[in-house]
There are 2 protein chains.
Amino acid sequence: MMGGMSKQPKYRQVADALRREIDSGTYGPGARLPSEAELSTRFDASRNTIRSGLSLLVSEGLISSSQGLGYEVRKHEVFVLNASKFENLSFPQNGDAYSTDVTNAGRRPHQTFRVELTTAPEYIAERLTVDAGSRAVLRFCHRFVDDVPWSTQATHYPDWLVERAPRLTEPGDIAEGTTRYLAGLGIEQVGYADEIATRMPTPEEARLLEIGAGVPVLLWTRTGYSPERPIRCTITTFRGDLNRMNYEIGDLSARSENEPQ
Amino acid sequence: MMGGMSKQPKYRQVADALRREIDSGTYGPGARLPSEAELSTRFDASRNTIRSGLSLLVSEGLISSSQGLGYEVRKHEVFVLNASKFENLSFPQNGDAYSTDVTNAGRRPHQTFRVELTTAPEYIAERLTVDAGSRAVLRFCHRFVDDVPWSTQATHYPDWLVERAPRLTEPGDIAEGTTRYLAGLGIEQVGYADEIATRMPTPEEARLLEIGAGVPVLLWTRTGYSPERPIRCTITTFRGDLNRMNYEIGDLSARSENEPQ
DNA sequence: TTGCTCAACTTGTTGGTACAAGCTGATGTG
DNA sequence: CACATCAGCTTGTACCAACAAGTTGAGCAA
């Protein structure tokens with residue numbers, strides 16, 4: 001019976017059925033799903049089995065749950081980030097650029113800032129071509145949009161650079177921007193290498209970005225180069241469900257006419 | 001007692017303890033974790049509670065489980081993909097380039113290929129500036145490295161282009177490459193826009209890429225432009241745990257000396 | 001030696017129960 | 001009316017039990 005298809009476990013059948021109904025619009029973005037008890041009746045399965053099915057959809061990022069409220073279909077509102085704009089050659093979204101962008105989009109920006117004297121972890125040291133464990137300055141930024149955590153940004157500067165640019169250790173934003181400050185000292189960033197990766201958040205990241213289950217993070221590492229050597233390495237961590245990155249390369253004159261914003 | 005820290009549920013304590021031990025190297029990449037029964041004794045918790053803790057680590061992508069074998073710490077072997085190399089302006093990893101790259105890395109490439117006459121889904125239609133639902137040709141590629149599924153690639157060509165370039169509908173690879181073929185017809189790709197996003201895989205993607213729980217996919221959309229209008233849109237889906245993307249922009253002469261490969 | 005069987009391990013699935021804890025609206029008191 | 005309380009919903013945590021199903025190695029048979 002049932003068409004001879006492979007016999008799926010019951011919790012999977014539950015997940016598949018609900019996923020179909022979500023995809024087909026029976027439950028649209030933001031809609032509330034029936035309670036575990038109701039689903040238990042409908043599928044003739046125990047609450048545990050229903051929960052297994054639901055938790056599958058949660059870890060797929062399709063729905064989320066809150067105690068006392070129920071399950072609801074996640075709504076995705078993405079923010080597109082243009083990583084190849086020329087003004088960003090200098091720095092991925094410096095403080096001012098970020099505030100301006102967000103305000104222009106009709107949203108309310110907010111950020112906290114911190115400077116730390118630390119040692120370069122291996123990953124950073126490799127990219128700055130310094131010894132792992134050597135001293136470095138970390139400028140850390142935690143960004144919000146409409147009070148929703150959006151991204152964290154950690155920029156590491158190598159020891160030798162800090163000696164020539166002591167204001168990098170100043171707590172608080174540098175008014176003219178770190179790039180202009182460095183340029184004024186004759187240290188010009190002439191190129192960068194970006195690396196993009198994704199994975200599930202660490203508990204620390206999940207806390208800072210208020211990420212629920214089933215949402216990956218997008219990791220953006222930008223290493224900036226002077227003509228002689230790397231001068232900084234920035235790791236930006238985004239909520240994967242809220243962000244997308246853009247690179248535009250070559251002649252795109254055929255594009256701009258049709259694009260909004 | 002216990003230092004007055006917030007009282008975490010037991011399954012979380014289990015996950016945290018094991019995560020610490022994995023991070024600290026007690027269980028290295030590929031190592032097998034103690035069985036549920038052993039952990040049950042160690043933490044004085046029921047098997048279900050232990051399973052809750054373990055499934056947390058699974059959905060973080062830290063470990064994986066197989067029936068009959070146990071849980072093991074995932075090993076991450078990443079493949080770096082340079083998206084801004086000039087030869088890739090024409091096409092993200094055309095068939096030959098892919099085979100060459102993989103062979104050079106001492107691995108064994110393998111791919112299956114398919115051509116379909118279809119209608120453009122909304123997402124594609126937007127980027128090709130054609131009407132959603134209008135006819136399009138889809139060239140689909142499923143790639144493996146050492147028989148491990150690596151990526152899927154779906155390239156859509158708009159109807160008007162296919163009329164001028166009928167060989168696009170040929171099943172099987174086009175020997176000289178689609179880009180050269182199109183260039184020979186006077187259709188030159190002069191720029192592209194890349195979009196990068198991440199999310200958890202759909203069941204279909206999980207099947208094709210053999211992705212377990214806790215591994216996101218990396219979505220790479222490249223829209224190629226002629227001087228007049230978009231000519232193709234390629235969506236490549238990568239396993240997030242096996243791939244990383246690179247963009248190099250500007251003068252990186254200070255870099256090459258130190259980089260391997 | 002070779003090859004098969006099977007016991008003993010592992011995780012996977014499904015059922016049950018009980019209580020904790022978060023949320024909402026009805027109810028009743030001031 | 002304003003406000004506190006609480007019943008009744010929701011999901012979260014934790015336990016128990018039983019059997020299914022995949023894997024491995026010991027041990028026996030040919």
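The sequence lines fix the lettering, A, B, ..., with proteins before strands; numbering per chain opens at 1.
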TODO: Could you go through the side chain to side chain donor-acceptor pair (under 3.5 Å) check for B:Tyr247 and B:Asp194 one step at a time?
DONE: CA-CA 11 Å; B:Tyr247 284 85; B:Asp194 281 7; 2.4 Å; yes
TODO: Starting from the first five and the last five pairs of the helix from C:dT1-D:dA30 to C:dG30-D:dC1, work out the angle between the resulting helix axes, to 10 degrees.
DONE: 0°
Open item on the list: Donor-acceptor pair, distance only, cut-off 3.5 Å: does the side chain of B:Arg222 make one with the backbone of B:Thr236?
Closed with: no
- [ ] Check the distance between D:dC15's C1' and B:Lys10's NZ and give it to me in whole angstrom.
- [x] 9 Å
Open item on the list: Can you tell me how the ring of A:His110 sits relative to the ring of A:Phe144, calling it parallel under 30°, perpendicular over 60° and tilted otherwise?
Closed with: tilted
Open item on the list: Applying the side-chain contact (heavy atoms from CB on, under 4.5 Å) criterion to A:Arg239, which one of A:Ile211, A:Val217, A:Leu218, A:Val78 satisfies it?
Closed with: A:Ile211
TODO: Give a yes or no on whether a salt bridge exists between A:Glu116 and A:Arg139, defined as a side-chain N under 4.0 angstrom from a carboxylate O.
DONE: no
- [ ] Please find the earliest and latest nucleotides of DNA chain C, in the 5' to 3' direction, that have an atom within less than 4.0 Å of any heavy atom of chain A.
- [x] C:dT13 to C:dT24
Task: B:Glu21 bridged to B:Arg42 by N-O distance under 4.0 Å - done: yes
Task: Salt-bridge criterion met for B:Arg20 and B:Asp23 (N-O under 4.0 Å) - done: no
Task: Per-nucleotide protein contact string for nucleotides 5-11 of chain D (B base, S sugar-phosphate only, - none; heavy atom under 4.0 Å) - done: -----BB
- [ ] Say whether, by atom type as modelled, one donor and one acceptor occur between the side chain of B:Ser46 and the main chain of B:Thr49 under 3.5 angstrom.
- [x] yes
Task: B:Arg199/B:Glu205 ion pair, N-O < 4.0 Å - done: yes
Open item on the list: Could you check whether B:Arg32 pairs with B:Glu72 (Lys NZ or Arg NE/NH1/NH2 to Asp/Glu carboxylate O, under 4.0 Å)?
Closed with: no
